[in-house]
Amino acid sequence: MYSKKFQNSKTYFLLKEAFGAECYMAKCDELFADIAQNEGLSNITQEFNELLHSQNVLTTCYFNILSAAGEIFYGLNPGNTIENIKTALTAEILNTDRCVALIKIARDEGLENIAEMMEEISIGKMEYLQRLDNLGSEIV
């Protein structure tokens, strides 16, 4: 749908950056809404949730443009459900690898509490990887 010229443009690069930034801020705003809710500040919770919704609309828009232009997410193109499961598996494997590296570095720096927390997260990620892999088997 889009030309190679677009894929090599500054606009394309900035869309990729915007997609990442919006995803990051959407998660932050979700966490901020939870904190406000826990503090009993329902009006502020609502504001963060509205901002989160807006960011989700933007990330969907950016994702659709980037996908139509042939952007490859974690080495795979978004597509049908089985392709998306493969993409999710690839992304989770990369994230699990990051967790393992972070555990080693945290231990090397004497931050055992962070290393232990990351080990727990890694165990959860491995369980999630198994669930994703099982989903792929169900479809095939």
Side-chain angles (χ1 to χ4, degrees):
M1 180 175 184
Y2 291 96
S3 69
K4 283 283 187 197
K5 182 179 177 184
F6 173 65
Q7 291 173 333
N8 294 322
S9 71
K10 187 166 184 157
T11 299
Y12 187 81
F13 175 78
L14 291 173
L15 274 172
K16 285 176 63 170
E17 280 191 346
F19 175 75
E22 290 294 338
C23 289
Y24 175 82
M25 282 312 303
K27 188 59 185 173
C28 287
D29 286 336
E30 180 183 347
L31 296 170
F32 297 162
D34 289 345
I35 291 168
Q37 184 67 40
N38 290 338
E39 293 175 353
L41 303 168
S42 59
N43 60 326
I44 294 174
T45 301
Q46 182 178 344
E47 290 297 324
F48 277 121
N49 283 330
E50 287 179 19
L51 184 55
L52 173 61
H53 174 73
S54 174
Q55 288 164 328
N56 285 334
V57 168
L58 285 174
T59 57
T60 299
C61 176
Y62 298 156
F63 181 86
N64 289 338
I65 293 169
L66 292 168
S67 294
E71 176 61 25
I72 297 176
F73 298 88
Y74 294 101
L76 299 167
N77 286 319
N80 65 33
T81 299
I82 195 71
E83 291 166 336
N84 292 339
I85 289 171
K86 288 178 185 177
T87 298
L89 276 166
T90 302
E92 283 303 316
I93 289 167
L94 289 172
N95 288 334
T96 301
D97 291 347
R98 283 187 199 103
C99 280
V100 170
L102 205 154
I103 291 166
K104 182 186 178 330
I105 291 168
R107 286 217 162 94
D108 289 348
E109 294 178 341
L111 301 167
E112 187 60 29
N113 58 333
I114 293 174
E116 289 174 6
M117 178 186 66
M118 294 309 297
E119 282 177 338
E120 289 178 31
I121 289 169
S122 290
I123 290 167
K125 286 190 165 297
M126 295 304 290
E127 291 169 358
Y128 183 65
L129 280 168
Q130 185 62 48
R131 286 175 39 210
L132 276 173
D133 195 38
N134 289 342
L135 285 174
S137 299
E138 287 177 23
I139 294 172
V140 175

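Predicted model only: the values in this text are computed from it and were never measured.
In this structure, Asp29 CG and Tyr24 OH are separated by 10.5 Å, a value rounded to the nearest 0.5 Å. With values rounded to the nearest 0.5 angstrom, Glu92 atom CD is found 13.0 Å from Ile85 atom CD1. For the atom pair CE (Met118) and CD1 (Ile105), the distance works out to 10.5 Å, reported to the nearest 0.5 Å. One finds the CD atom of Glu47 at 11.0 Å from the OG atom of Ser42 (value rounded to the nearest 0.5 Å). Within the model, atoms CG of Leu89 and CG of Leu94 stand 11.0 Å from one another, a figure rounded to the nearest 0.5 Å. Atom CD1 of Ile65 and atom CG of Leu15 lie 5.5 Å apart (nearest 0.5 Å).
With contacts defined as side-chain heavy-atom distances shorter than 4.5 Å, the pair Leu102/Ile114 qualifies. Annotation: side chain of Glu127 is not in contact with side chain of Arg131 (no heavy-atom distance under 4.5 Å).
When atom types are taken as modelled, the side chain of Asp133 and the backbone of Leu129 share no donor-acceptor pair closer than 3.5 angstrom. One N or O on the side chain of Glu83 and one on the backbone of Asn80 form a donor-acceptor pair closer than 3.5 Å.
Ile44 and Leu52 fall into different hydrophobic clusters, where Ile, Leu, Val, Met, Phe, Trp and Tyr residues are linked whenever their side-chain heavy atoms come under 4.5 Å apart, directly or through other members. Linking ILVMFWY side-chain heavy atoms closer than 4.5 Å, directly or via other members, places Ile82 and Leu132 in a single hydrophobic cluster. Met25 and Leu51 are assigned to two separate hydrophobic clusters, defined by single-linkage of ILVMFWY side chains at heavy-atom distances under 4.5 Å.
Closest heavy-atom contact between Asn56 and Ala26: OD1-CB, 4.0 Å. The shortest non-hydrogen separation linking Thr59 to Cys23 is CG2-N, 3.6 Å. Closest of all the heavy-atom pairs between Cys99 and Ile121 is SG-CG2, 3.9 Å. When all heavy atoms of Ala33 and Thr45 are compared, the closest pair comes out as O-OG1, 3.4 Å.
The closest side-chain donor-acceptor pair between Arg98 and Asn95 falls under 3.5 angstrom.
The side chain to side chain contact (heavy atoms under 4.5 Å, CB included) test with Lys125 singles out one residue from Asp97, Ile93, Thr96, and that residue is Thr96.
Using a cutoff of 4.0 Å between basic side-chain nitrogens and carboxylate oxygens, Glu30 and Lys27 are scored as salt-bridged.
Phe6 and Tyr12 have perpendicular rings, their planes meeting at more than 60° on a 0 to 90° scale where under 30° would count as parallel.
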